[in-house]
Amino acid sequence: MEVVLVEEGPYRFRIEQRDQMRVPGVVFASQALVPQVAGDRALEQVANVATLPGIVRASFAMPDVHWGYGFPIGGVAATDIAEGGVISPGGVGFDISCGVRLLAAGVERAELGHDRLQRLMDILDVTIPRGMGRGGLWKLSGSEEMDELLVGGARYAVEHGHGVPRDLERCEDYGVLDGALPGQVSRRAVQRGIDQVGSLGSGNHFLEVQAVDRIDDPDTAAVFGLRADQVCVMIHCGSRGLGHQVCTDHVHAMDEALHRYRISVPDRQLACTPVDSPPGRDYLGAMAAAANYGRANRQLLSEAARRAFVTAAGVGLDLVYDISHNMAKLETHEIDGVSRHLCVHRKGATRALPPGDTGLPPDLARAGQPVLIPGTMGTASYVMVGLPGNDAFHSACHGAGRVWSRHHALRMVRGEQLRGELEARGIAVRPSSWRGLAEEAPRAYKDVDEVAAATEGAGLARIVARLVPLGVVKG
DNA sequence: ATGTAC
């Protein structure tokens with residue numbers, strides 16, 4: 001299916017509704033990003049998503065959109081539960097609750113200095129588990145303890161000494177997604193996850209030591225606990241093998257159940273069933289469990305970073321925020337003046353609640369929800385904030401967005417050379433493999449500055465601060 | 001993203 005973009009406003013393009021589409025597509029992008037967006041098969045996926053039963057308003061694409069499994073990464077789609085709206089595992093992604101956590105250190109960049117930064121990076125290098133397989137920081141005793149973690153998320157980790165209660169106030173949903181059904185997480189998924197709690201994984205996952213390079217919105221930055229030149233830690237990771245297995249299991253189940261609900265989809269990877277159906281409820285319960293695993297995972301990694309900072313610099317780390325960018329959530333939104341109960345899929349997209357939203361903790365309520373945008377290695381990252389008037393169900397982008405395939409990046413970049421280039425720019429690099437480093441070269445991604453500018457231009461969120469890397473621990 | 005393939 002050929003897809004044509006029609007400009008319908010600044011930073012906003014439309015894919016006209018046609019054929020089996022039930023709603024139009026809406027793509028948020030700057031003129032500079034359009035060629036990259038339009039040259040990607042992702043737009044065809046945006047149109048495919050628009051055919052799903054019960055979809056309302058539009059099939060949305062964020063400025064970092066790129067091709068994914070069934071749904072594009074950087075896609076947002078909401079379905080009306082009472083109207084037979086569906087849930088699709090492909091609309092969440094294989095890395096359930098992949099997300100970002102930002103912590104702020106009690107030290108400025110200049111105070112930390114070169115030698116202590118190197119010492120810090122060396123400690124992180126040997127204490128942060130990462131790479132394919134391998135172990136994690138927390139060995140669970142067995143499936144009973146795993147079930148408790150799947151229900152309790154980051155709260156369960158904190159209750160067991162891995163963090164402080166204040167951390168939970170700065171986690172989306174206070175660190176726990178309700179509705180987890182550990183019984184819907186297969187034995188195989190549990191086996192894959194049991195020794196991976198507190199591990200980065202690989203691919204674009206990382207732990208970076210960063211500095212606040214620029215403050216664009218001083219009032220909001222102050223509420224978030226950020227100031228110029230402050231040292232920070234950004235952690236980007238997900239639910240490891242457990243989330244992957246949950247997705248695999250439930251894609252299979254839905255693929256087999258599809259015909260019973262008389263659903264036809266243009267791409268088998270869009271396998272789905274009604275939210276209000278046994279397979280739909282089973283998946284949502286398993287997804288919530290995997291989401292809680294991902295949140296506990298980031299909590300454990302935060303504790304390792306805190307120990308490294310105390311040892312190398314004698315300072316603590318305060319949690320700024322923890323946000324997921326691969327999730328589906330049951331939310332209430334107004335559609336054509338009527339309040340509707342929706343299932344909102346965000347895949348490679350975050351929630352971005354506006355100021356005053358009841359979903360925010362009291363100390364963030366007047367500012368709005370922090371939106372964390374990780375860049376790629378050697379580039380900037382952004383802290384943004386949710387705004388009123390975001391008609392993409394209060395959603396924003398999640399990162400730079402890949403433009404080169406991993407395969408192409410491997411042909412173009414050598415890991416050893418890339419490390420040299422980054423070190424020459426003063427960025428300490430602690431890779432887990434040369435291949436992984438090459439695959440994640442900055443050139444393989446869109447320009448995160450452009451993505452953040454487009455996200456702001458489109459009115460999805462506002463830029464609060466820009467962060468730059470001092471050192472990267474690569475998954 | 002992922003015991004980088006069922």
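Order of the sequence lines fixes the chain letters, A, B, ..., with proteins taken first and strands second; residue numbering starts at 1 for each chain. It should be emphasised that the depicted structure is a prediction, and the values quoted were computed from it without experimental measurement. Basis for what follows: all heavy atoms, side chains included, without hydrogens, waters or symmetry-related copies.
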Worksheet item: Looking for any heavy atom pair under 4.0 Å, which part of the strands does A:E439 touch: base, sugar-phosphate only, or nothing?
Response: nothing

Worksheet item: How is A:G201 classified with respect to the nucleic acid when contacts are heavy atoms under 4.0 Å: base, sugar-phosphate, or nothing?
Response: sugar-phosphate

Atom pairs and distances, side-chain donor-acceptor, residues 132-142 of chain A, under 3.5 Å, sequence neighbours left out:
residue	atom	partner	partner atom	Å
A:R134	NH1	A:R130	O	3.3
A:K139	NZ	A:G136	O	2.9
A:S141	OG	A:E145	OE1	2.9

Item to complete: Could you state the atom-to-atom distance from CD of A:Q269 to P of B:dT2 in whole Å?
Response: 18 Å

Item to complete: Starting from C1' on B:dC6, measure out to CG on A:D255 and report it in whole angstrom.
Response: 15 Å

Fill in: Between A:S30 and A:E450, a side-chain donor and acceptor under 3.5 Å
yes

Worksheet item: Roughly how many Å is it from CE in A:M132 to P in B:dT4, rounded to a whole number?
Response: 5 Å

Worksheet, complete the sentence: A:Q245 CD to B:dC6 C1', in whole Å, measures 13 Å

Worksheet item: To the nearest Å, how far apart are A:H407 NE2 and B:dA5 C1'?
Response: 17 Å

Item to complete: Round to the nearest Å and state the distance from A:H244 atom NE2 to B:dA5 atom C1'.
Response: 11 Å

Practice prompt. Ignoring backbone atoms, test whether A:S202 places a side-chain nitrogen or oxygen under 4.0 Å from the OP1 or OP2 oxygen of B:dT4.
Written response: no

Discussion item. Rounded to whole Å, please give me the gap between NE2 in A:H252 and P in B:dC6.
Written reply: 8 Å

Worksheet item: So what does A:G241 touch, heavy atoms closer than 4.0 Å: a base, only the sugar-phosphate, or nothing?
Response: sugar-phosphate

Item to complete: Using distance alone, with no hydrogens and no angle criterion, decide if A:Q369 and A:Y321 have a side-chain donor and acceptor under 3.5 Å apart.
Response: yes

Worksheet entry | ring pair (Phe, Tyr, Trp, His ring centres under 6.0 Å) contacts in which one or both residues fall within residues 179-209 of chain A, not counting sequence neighbours | A:H205-A:H236, A:F206-A:H236

Worksheet item: Using the ring of each side chain (for Trp, its six-membered ring), is A:H408 parallel, tilted or perpendicular to A:W404, with breaks at 30° and 60°?
Response: perpendicular

Discussion item. Strictly below 4.0 Å: does A:R240 bring a side-chain N or O up to OP1 or OP2 of B:dT2?
Written reply: yes

Discussion item. Base, sugar-phosphate or nothing for A:R188? Non-hydrogen atoms, less than 4.0 Å.
Written reply: base

Worksheet item: Given atom CD1 of A:I96 and atom C1' of B:dT2, what is their separation to the nearest angstrom?
Response: 12 Å

